[in-house]
Amino acid sequence: MGKVYVFDHPLIQHKLTHIRDVQTGTKDFRELVDEVATLMAFEITRDLPMEEIDLKTPVSETKGKVLSGKKLAIVPILRAGIGMVDGILKMIPAAKVGHVGLYRDPETLKPIEYYVKLPSDVEERDFILVDPMLATGGSAVEAINSLKKRGAKNIKFLCLVAAPEGVEEIKKEHDDVDIYIAALDEKLNEKGYIVPGLGDAGDRLFGTK
Ligand code: PRP
Ligand code: URA
C-alpha cells in the first residue's frame, strides 16, 4: 500500500510560501522551485540502500558506508516537472533522466500524452516521477501508466502542491506508489486549479503568461 508523506520541514515551508506568492517573479520562482526540489530529494532518498567499504583515513584504517549503487531515474512530467530536475540531480547526480510529455486539455481537464523517452533499462531502475502540481491527478496517473506500461516497477511521485482529489486518484489507480508532497492544499476550483495553490506552474516557471 502506497504511503503519503507531507514534508513539514521549515525550510521547505518557508520557500513554498514565497513560491505561492503572486508577487514572486519568474527568476525567483524558478530558483525557489529548484531549491525545494533539492530539499525534497534529500528526504525521499532516506531509504536508499547502503554498503560498507574499507578505507584508510590519514590516521587509521576504518570502515565507511556508501550508497550501494541502486539505479535511479528521475522523470519530469513536461513541462512544469522540468523545473524540479536540476534540484534533484544536485543530490543524486548519477541518476538518469527520462521525460513524459503531457498536457491537460483545458476543457475536459483530461491528460493528453505527446512525448515519452525513458532510460533503456527501465526494469532495473527505481523511478522518481516529478511534477510541481497534483490537481485532479489525471496527469500523474497517466504518467504512472506510461512508466508501468514500459516495465517500471518501483515508482515514487514527488510534487510541491497537491489537492486531496489528486492524492485520492493516485491511491485509487496506483496504490503501490508512494506520494511525497510539500503541501496538501484545500481543494480544486471550478477550473481545476488548486486552491490556494500557486497558479499555473508551467507558466510561472517559464514566463509564458
Ligand atoms: C499542469 C501540472 C500537471 C498538471 C496537473 O500541467 O504541471 O502536469 O497540470 O493537473 P492534473 O492533476 O489535473 O492532471 P499542464 O497541463 O498545465 O501542462 P504544462 O506543464 O505543459 O503547463
Ligand atoms: N496545474 C497547475 O499548473 N496548477 C494548478 O493549480 C492545477 C494544475
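Read the numbers this way: they start at 1 and go in the same order the structure lists the ligands and their atoms.
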Student: Any nitrogen or oxygen of I194 lying under 3.5 Å from a nitrogen or oxygen in ligand 2? Just yes or no.
Tutor: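 Yes: some nitrogen or oxygen of I194 is under 3.5 Å from one in ligand 2.
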Student: Indicate yes or no: at least one non-hydrogen side-chain atom of M84 is less than 4.5 angstrom from one of P132.
Tutor: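 The answer is yes, as the side chains (C-beta and beyond) meet within the 4.5 Å cut-off.
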Student: Taking the side chain as everything from C-beta on, heavy atoms only, tell me whether E61 gets closer than 4.5 Å to D54.
Tutor: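 Contact flag for E61/D54 side chains = no.
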Student: Rounded at 0.5 Å granularity, tell me how far CG in D185 sits from CG in L198.
Tutor: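 That separation rounds to 8.0 Å.
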Student: Using a 4.0 Å cut-off to any heavy atom of A135, which atoms of ligand 2 qualify?
Tutor: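 Contacts of ligand 2 toward A135, numbered from 1: 7 (C), 8 (C).
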Student: Under 4.0 angstrom from ligand 2, any heavy atom of G197?
Tutor: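 Under 4.0 Å: no for G197.
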Student: Can you find a non-hydrogen atom of G199 under 4.0 Å from ligand 2?
Tutor: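 G199: in contact with ligand 2 (<4.0 Å).
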Student: Answer yes or no: does atom NZ of K148 have more than 12 heavy-atom neighbours from other residues, nucleotides or ligands under 6.0 Å?
Tutor: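 Count over threshold, so yes.
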Student: Please determine whether a side-chain nitrogen of the Lys or Arg among D200 and K209 lies less than 4.0 Å from a carboxylate oxygen of the Asp or Glu.
Tutor: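 Here D200 does not pair with K209 in a salt bridge, since their nearest N and O are not under 4.0 Å apart.
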Student: Taking N or O atoms only and a 3.5 Å limit, does A201 qualify as a polar contact for ligand 2?
Tutor: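 Yes, there is a polar N/O contact under 3.5 Å.
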Student: Are there any N/O pairs under 3.5 Å between ligand 1 and the protein, and if so, what are their distances?
Tutor:
residue  : atom   : partner : partner atom : Å
ligand 1 : 7 (O)  : D131    : OD1          : 2.9
ligand 1 : 8 (O)  : D131    : OD2          : 2.4
ligand 1 : 12 (O) : A135    : N            : 2.9
ligand 1 : 12 (O) : T136    : N            : 3.1
ligand 1 : 12 (O) : G137    : N            : 2.8
ligand 1 : 13 (O) : R104    : NH1          : 2.7
ligand 1 : 13 (O) : T136    : N            : 2.9
ligand 1 : 13 (O) : T136    : OG1          : 2.5
ligand 1 : 14 (O) : S139    : N            : 2.9
ligand 1 : 14 (O) : S139    : OG           : 2.6
ligand 1 : 16 (O) : R104    : N            : 2.8
ligand 1 : 20 (O) : R79     : N            : 3.1
ligand 1 : 20 (O) : A80     : N            : 3.2
ligand 1 : 21 (O) : R79     : N            : 3.3
ligand 1 : 21 (O) : R79     : NE           : 3.2
ligand 1 : 22 (O) : R79     : NE           : 3.2
ligand 1 : 22 (O) : R79     : NH2          : 3.0

Student: Check each of R79, R204, R104 against atom 8 (C) of ligand 2 and report the one with the nearest heavy atom.
Tutor: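 Among R79, R204, R104, the closest heavy atom to atom 8 (C) of ligand 2 belongs to R104.
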Student: Once rounded to the nearest 0.5 Å, what's the spacing between atom CG of D178 and atom CD1 of I170?
Tutor: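 Those atoms lie 11.0 Å apart.
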Student: If we ignore angles and hydrogens, is there a donor and acceptor under 3.5 Å between the side chains of T26 and R30?
Tutor: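 Checked: T26/R30 side chains show no N/O donor-acceptor pair below 3.5 Å.
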Student: Between the side chains of T208 and R79, is a donor N or O closer than 3.5 angstrom to an acceptor N or O?
Tutor: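 A donor-acceptor contact under 3.5 Å links the two side chains.
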Student: Would you please classify the geometry between the Y5 ring and the Y180 ring as parallel, tilted or perpendicular, with 30° and 60° separating the classes?
Tutor: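 The arrangement is parallel - the two ring planes meet at less than 30°.
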Student: Within a distance under 4.0 Å of any heavy atom of G192, pick out the atoms of ligand 2 and give their elements.
Tutor: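 Going through ligand 2 atom by atom, the ones under 4.0 Å from G192 are 7 (C).
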